[in-house]
Amino acid sequence: NRFVGICFGYPTNSVLKQSIYTAFEDISKKVNNSESVISEFKANLNSLNNFELAGNSLKWLITNKSNVDINKFIGTLKKLIERIKMEGLRS
């Protein structure tokens, strides 16, 4: 029953523009086997071809919002959530 941030979203009027940033640091701090979980998440995001490196995170600067891209991203998040449930949270 603890919160694990997996990404952050920013609106069009943000200084970061309309974008999604990963929350690898939160996953790393709170999830068992976090290195493997993050590695899989990164690989899945990289396969979408929308994300780019942003410091220690990945970001998607949303300029093109096709339903296909959005649905693929949601599917990636669902996979991540299942993996986090499988690994469990650190105590």
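Just so it is clear, the values below take in all heavy atoms, side chains as well, and ignore hydrogens, waters and symmetry mates. Since the model is a prediction, treat every value here as computed from it, not as a measurement.
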Under 4.5 Å between side-chain heavy atoms, counting indirect links through other Ile/Leu/Val/Met/Phe/Trp/Tyr residues: same cluster for [X] and [Y] or not?
| X | Y | value |
| --- | --- | --- |
| Phe3 | Phe8 | no |
| Leu45 | Ile74 | yes |
| Ile70 | Phe51 | yes |
| Leu48 | Ile62 | yes |

Report the residues that fulfil side chain to side chain contact (heavy atoms under 4.5 Å, CB included) with Ser66, sequence neighbours left out, ordered by chain and then residue number.
->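 For Ser66 the side chain to side chain contact (heavy atoms under 4.5 Å, CB included) partners, ignoring immediate neighbours, are Asn64, Val68, Asp69.
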Rounded to the nearest 0.5 Å, how far does [atom2] of [Y] lie from [atom1] of [X]?
| X | Y | atom1 | atom2 | result |
| --- | --- | --- | --- | --- |
| Ser19 | Tyr10 | OG | OH | 7.0 Å |
| Thr76 | Lys42 | OG1 | NZ | 15.0 Å |
| Leu77 | Ile20 | CG | CD1 | 7.5 Å |
| Lys17 | Lys59 | NZ | NZ | 9.5 Å |

Whether Phe73 and Trp60 hold their rings parallel, tilted or perpendicular, with breakpoints at 30° and 60° |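 It falls in the perpendicular class, over 60°.
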Around Asn71, counting heavy atoms of other residues, nucleotides and ligands shown, do more than 12 lie under 6.0 Å from its CG?
->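 Check passes, neighbour count above 12.
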Exceeds 12 heavy-atom contacts within 6.0 angstrom, atom NZ of Lys30 =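 Count over threshold, so yes.
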Of all heavy-atom pairs between Gly5 and Ala23, which one has the smallest distance, and what is that distance?
->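 For Gly5 versus Ala23, the nearest heavy atoms are O-CB, 3.4 Å.
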Less than 4.5 Å apart, side chain to side chain, heavy atoms only: is that true for [X] and [Y]?
| X | Y | value |
| --- | --- | --- |
| Leu80 | Asn44 | no |
| Gln18 | Leu61 | no |
| Thr22 | Ile6 | no |
| Asn46 | Leu58 | yes |

When you check the gap from the basic side-chain N to the acidic O, do Glu25 and Lys29 get nearer than 4.0 Å?
->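 Yes, charged N to carboxylate O under 4.0 Å.
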Does any pair with a residue in residues 25-46 pass ring-ring contact (aromatic ring centres under 6.0 Å, His included), and if so which ones, sequence neighbours excluded?
-> Phe24-Phe41
Side-chain donor-acceptor distances from residues 84-91 under 3.5 Å, at least two apart:
residue	atom	partner	partner atom	Å
Glu87	OE2	Asn33	ND2	3.4
Glu87	OE2	Arg83	NE	3.0
Glu87	OE2	Arg83	NH2	3.1
Arg90	NE	Val31	O	3.2
Arg90	NH1	Ser28	O	3.0
Arg90	NH2	Ser34	OG	3.2

